[in-house]
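Read through the structure below, which is laid out as structure tokens, and then see the notes.
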Amino acid sequence: MILSISWKNIWRNKVRSLVVIVASTLGIISGVMVVGIMEGWVEQRLHDAIYNEVSHIQIHNSDYLKNEEINLTVQDTALVAEAVKQLPGLKGWVARTKMVVMANTPWANTGIFIYGIDPEREKQVSEIYKKIIPGAGNYLDKDKPGTILISDKTAEILKLKQYCLTDTVIGKLERGEFPKSVLSKLAGIKDERFRSPKDFRAILKSLLTGKELDNYGRQLMDSSLEYKIRNKIQITLSDEQGTPVQGTFRVCGIYRTTNTGFDQVTAFVNAGELAALYDGKSILIHEIAIMIEDIENAGSAKEKLSGISRHNTVSTWKELAPDAAMMNDFMIIYYFIFIGIVMFALAFGIINTMMMTILERTRELGMLMAIGMNRRRIFSMIMLETIFLTVVGAAAGMVGGWVIVMSLGKTGIHFLSWGEGFEAIGFAATVYPVITPFFFIIITIMVISTAIISSVWPARKALKLDPAEAIRTE
Amino acid sequence: MKVLELKKVNKIYDGSEVPVHAVNDVSLDFDEAEFVAIVGPSGSGKTTLLNLIGGLDMPSSGEIIIDGTNLSKLKSSQLIDFRMRNIGFVFQAYNLIPVLTAKENVEFIMSLQKWPRKERDERTLELLNAVGLGDRINSRPSKLSGGQQQRVAVARALASRPKFVLADEPTANLDSKSATTLLGIMETLNHGEKITFIFSTHDPRVVKMAHRVITLEDGRVISDDVRE
Ligand SMILES: Nc1ncnc2c1ncn2[C@@H]1O[C@H](COP(=O)(O)OP(=O)(O)OP(=O)(O)O)[C@@H](O)[C@H]1O
Ligand SMILES: [Mg+2]
């Protein structure tokens, strides 16, 4: 009885109830969205940090971590290798040479880390081989000597990247039904070479309208881009005696991860070829990278490996990519803060509405108390009304939020204009929002508790009414 | 049989600067099946008296005894329950729950009292027929005229067979024809159900229909006439 009265009561002032419902729907949709996006980013960053950059565990010479010198190699490698192979749930492991070198082209130079790797084994622990830009060469190949894999960013720095609207590019765009009006505006820069994306974007900006730039800018940039694959890069490094030595490598391919900071300083060559430069006898091991089945076991694996040599340091992904680890640990707090704010707003709106309702219904409530609704019943009636109102709004919001996140989770949201800023700190410009069932349950619980908590106040207010006074109210 | 007894009841409002003696030393007895009008000029204390009788307000002194129970001896939670079981109320307006139909409104107190469904339905239909609304049982209050709404309220007040029904100016918002109809219905039910009605009014035609008329002035009973 009370239940059905409460339910009917919330529809008495339809407009007001709808406002509350729409407001909570929007609040929750945005809450679910923001959390979904943050969660998507965190997952992506975590995945990329581990699979492109640091693996689950790495072993270095302790001194190498302070000062990356050529002779500070991993100690007792045979013992370490034996122990690594014994790790439960081992997915794969590699030993790498890692050196600080200077890389030059005739046009520019830059300092980078060069990794000497076994390209095939490397696939066990790193997804770099999947990150080759389509049409920009291939991953390292043991059978093609003298090659180097560099990143898009390094190519840019070394001026191995250029933008040029050639006839081929124009022809391809035309066939792809690219608007002729836009192309005709660009006739003046045909066959002109731009060495940096900044210059090219600047010229596009001067020639096109903002809307055209938004719609076609990226496509123009992508299709005009060409890498000078097969160009030579000269590498300079110090050998074990400190004598500078040089070698020349041909670019075999260009990769790009979501972390420009990592890309900028990372290039790969065959380990044997790097060894030939510094002494030619053996391959120095500066880094051992390990991937295991379950990320949760990284800590215990570290313990198993730590005792082998006191000269080595074993680090887990949490230490190697502290930003990703911290996000992973602290994001949940941000979620709660954010959801808390949404809930606070929700509670505020609901309490306000219910207070208004009680004010309007003073006489009716007085009458109900006079004829025999006791305090418990009045209290539960108002509480139920409040809860119904919240739950209807919240349910709509959660369904809406879930649908949006699910569909965006497939297509992804592209942050065009901020993309570069994000990628500089390791976030993809395209995010795929994620909502875990766990999180959904948390939101549901929070909404219901908000509803209950915010219902107490109006219900108590109703209890304070004096029936004789309430009936007299004009 | 005595259903209600007031012994030297006083009510003084001392909220404002000048204390108001709204009910002054009132002693009254009411028997079963009485049909009583309380009259008097505006501010004479009619509403205050009815609120005291109904347990909505507490007297400053004196005793109100309903069917052997002294109201001031009850705790506030017991009082609400006591009210629900023993007293029917009809107010001037806002009597009904707007979201419920006429039938549901009449049933309301019975369902709070957990009457079995069958008895509840029978009683509701009986009363709605008695007030002449047998064909409007599923109408919401907003679809009924003021007079019809007051008739539903009378049916509701009687539904759980209280000791007596209190009605503070039940006809104040009605035209004279509806007022007379309502009073006629109240009188018939008073007769049939043997339930005492105590109502206040300003309307001389309504006063005429009462069997006993109590006149108040400045909170005192100045006359108490029983008619045949
Ligand atoms: N809550 C209150 N606080 C202070 N004084 C009150 C209060 N309620 C009523 N009074 C005063 O008590 C006196 C009696 O009021 P009451 O409402 O009982 O009169 P009434 O006979 O019902 O008048 P009316 O015919 O206008 O309804 C009046 O002087 C009124 O101002
Ligand atoms: Mg009055």
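In what follows, chains are A, B, ... by sequence order, proteins preceding strands, each numbered from 1. Just so we're clear, the structure is a prediction, and the values are computed from it rather than from any experiment.
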| message | Only pairs of heavy atoms separated by less than 4.5 Å count here; which of B:Val99, B:Thr48, B:Leu56 has the most with chain A? | response | B:Val99
| said: side chain to side chain donor-acceptor pair (under 3.5 Å) for A:Asn9 and A:Ser6? Distances and angles first, verdict last. | reply: CA-CA 5 Å; A:Asn9 273 339; A:Ser6 297; 5.6 Å; no
| Best-contacting candidate, A:Pro467, A:Ser4, A:Gly366, A:Ala370, against chain B by heavy atom pairs under 4.5 angstrom | A:Ala370
| said: For the aromatic rings, using the six-membered ring if either is Trp, is the centroid distance between B:Phe91 and B:Phe89 under 6.0 Å? | reply: yes
| task | Pick one of side chain, backbone, both or neither for A:Arg376, based on which atoms fall under 4.5 Å of a heavy atom in chain B. | result | neither
| field | Close contacts, residues 113-126 of chain B versus chain A, judged by heavy atoms under 4.5 Å | value | B:Lys114
| message | Below 30° counts as parallel, above 60° as perpendicular, anything between as tilted: where do the rings of A:Phe344 and A:Phe348 land? | response | parallel
| said: Taking NZ in A:Lys8 as the centre, count heavy atoms belonging to other residues, nucleotides or ligands within less than 6.0 Å. Is the count above 12? | reply: yes
| Atom OH of B:Tyr94: over 12 foreign heavy atoms under 6.0 Å | no
| How close do B:Ala93 and B:Asn173 get, heavy atom to heavy atom, and via which atoms? | CB-ND2, 3.6 Å
| said: Salt bridge check, A:Arg12 against A:Glu364: does any charged N sit closer than 4.0 Å to a carboxylate O? | reply: yes
| remark: Output for pair (A:Ser380 OG, A:Met373 CE), nearest 0.5 Å, gives 7.5 Å
| note | All heavy atoms of A:Ile471 vs all of A:Arg363, minimum pair found to be O-CD, 3.7 Å
| field | Best-contacting candidate, A:Ile2, A:Asp466, A:Asn374, against chain B by heavy atom pairs under 4.5 angstrom | value | A:Asn374
| message | Surrounding CE of A:Met326 (heavy atoms of other residues, nucleotides or ligands, distance under 6.0 Å), is the total greater than 12? | response | no
| message | Can you list the residues of residues 74-87 of chain B that sit under 4.5 Å from chain A, counting heavy atoms only? | response | B:Ile80, B:Arg83, B:Met84
| request: Using heavy atoms and a sub-4.5 Å threshold, report which of residues 151-170 of chain B line up against chain A, by residue number. | output: B:Arg156
| Quick one: does A:Ile378's side chain get under 4.5 Å of A:Met369's, heavy atoms only? | yes
| request: Could you tell me whether the side chain of B:Phe30 reaches within less than 4.5 Å of the side chain of B:Ile66, counting heavy atoms only? | output: no
| field | Part of B:Ile97 within contact of chain A (heavy atom distance under 4.5 Å) | value | both
| query | Is there a side-chain contact between B:Leu183 and B:Phe35, using heavy atoms and a 4.5 Å cut-off? | reply | yes
| said: Any non-hydrogen side-chain atom of B:Asn70 less than 4.5 Å from a side-chain atom of B:Ile64? | reply: no
| query | Most heavy-atom pairs under 4.5 angstrom with chain A, which of B:Leu112, B:Asn51, B:Asn95? | reply | B:Leu112
| task | Any chance you could measure A:Leu465, atom CG, to A:Leu368, atom CG, to the nearest 0.5 Å? | result | 10.5 Å
| query | Can you list the residues that meet the side-chain hydrogen bond (donor to acceptor under 3.5 Å, both in side chains) rule with B:Ser61, with sequence neighbours excluded? | reply | B:Asn10
